[in-house]
Amino acid sequence: MTINTAKLETIIQNFVTSTSEVQGAALVSPDGLPIASSLPSEMDEERVSAMSAAMLSLGERIGSELSRGILDRIFVEGNKGYGILTNCGEYAVLLVLATKAAKQGVLMLEIKRVIPELKVALEPHQSIPGIYETKL
């Protein structure tokens with residue numbers, strides 16, 4: 001089984017460059033490993049991924065303890081902007097970083113638009129030995 005990481009990188013890059021006020025995005029596995037990202041140069045992809053997984057874990061626990069159901073989104077607002085962590089199926093979560101000038105409604109619509117595209121690209125596909133992968 002393989003996941004097309006090149007396709008995921010392209011989707012993330014296009015999302016960041018075409019969405020106004022988005023500074024970066026990362027697709028992260030639930031255990032904190034980076035899958036694909038387009039982050040500002042001063043951010044460490046490994047560290048961002050680990051923090052995203054920690055936020056996800058804590059958010060799920062809070063949601064459960066407060067009887068809020070299945071976690072959909074974690075929204076962090078600071079004086080310099082937003083960090084939105086959104087469920088992206090069983091394989092990943094999407095972290096989006098946006099400036100303070102971002103319009104929240106437009107930002108949420110753009111995130112909802114890209115999630116289905118990411119989910120399709122995240123679906124594992126059977127590899128055909130000799131064509132898509134090398135068998136050792």
Side-chain angles (χ1 to χ4, degrees):
M1 302 283 244
T2 60
I3 293 176
N4 188 344
T5 54
K7 174 76 172 167
L8 291 168
E9 289 280 352
T10 300
I11 294 168
I12 294 290
Q13 183 65 40
N14 288 342
F15 173 75
V16 171
T17 57
S18 68
T19 307
S20 178
E21 305 301 334
V22 169
Q23 298 169 305
L27 196 61
V28 179
S29 73
D31 51 347
L33 300 173
I35 299 170
S37 69
S38 177
L39 294 169
S41 59
E42 69 273 7
M43 290 190 179
D44 178 7
E45 180 183 61
E46 301 287 329
R47 189 172 182 171
V48 167
S49 297
M51 285 188 293
S52 296
M55 283 185 358
L56 174 67
S57 178
L58 184 57
E60 286 175 338
R61 184 163 179 212
I62 291 168
S64 174
E65 291 293 323
L66 297 178
S67 302
R68 298 297 96 193
I70 297 170
L71 181 69
D72 183 51
R73 180 179 307 117
I74 296 171
F75 191 89
V76 178
E77 182 177 356
N79 66 338
K80 294 182 180 178
Y82 308 104
I84 300 118
L85 193 64
T86 306
N87 186 340
C88 197
E90 93 180 79
Y91 301 111
V93 291
L94 174 66
L95 173 68
V96 176
L97 304 172
T99 67
K100 190 70 173 170
K103 293 184 172 148
Q104 293 178 29
V106 172
L107 185 58
M108 293 307 167
L109 282 173
E110 290 298 325
I111 291 170
K112 283 185 178 187
R113 179 195 58 77
V114 77
I115 292 288
E117 191 177 356
L118 289 168
K119 283 182 177 180
V120 168
L122 277 165
E123 287 300 315
H125 301 285
Q126 289 289 342
S127 295
I128 301 170
I131 296 176
Y132 298 109
E133 69 181 8
T134 305
K135 248 188 159 183
L136 300 176

- prompt: What are the two closest heavy atoms between Ser52 and Leu85, and how far apart are they?
  reply: O-CD2, 3.3 Å
message: Is it the case that over 12 heavy atoms from other parts of the model lie below 6.0 angstrom from the CZ atom of Arg61?
response: no
- line: Hits for ring-ring contact (aromatic ring centres under 6.0 Å, His included) against Tyr91, two or more places apart or cross-chain, chain-then-number order -> none
query: Where do Ile35 and Leu8 land on the side-chain contact (heavy atoms from CB on, under 4.5 Å) test, with the steps shown first?
result: CA-CA 8 Å; Ile35 299 170; Leu8 291 168; 3.6 Å; yes
field: Electrostatic pair Lys100-Glu77, nearest N-O below 4.0 angstrom
entry: yes
Closest approach of Leu122 to Cys88 (non-hydrogen atoms, all atoms of both residues): CD1-O, 3.7 Å
query: Taking all atoms of both residues into account, what is the closest heavy-atom pair of Val114 and Ile11, and its distance?
result: CG2-CG2, 3.7 Å
- prompt: Any donor and acceptor pair, going by atom type alone, linking the side chain of Thr17 with main-chain N or O of Gln13 inside 3.5 Å?
  reply: yes
Nearest heavy atoms of Ser49 and Val28, plus distance in Å: O-CG1, 3.5 Å
- prompt: Crowded around Ile70 CD1? As in, over 12 foreign heavy atoms under 6.0 Å?
  reply: no
message: If you compare all heavy atoms of Glu110 against all heavy atoms of Phe15, which two are closest, and at what distance to 0.1 Å?
response: O-CE1, 3.6 Å
- prompt: For atom CZ of Arg73, is the number of surrounding heavy atoms from other residues, nucleotides or ligands below 6.0 Å larger than 12?
  reply: yes
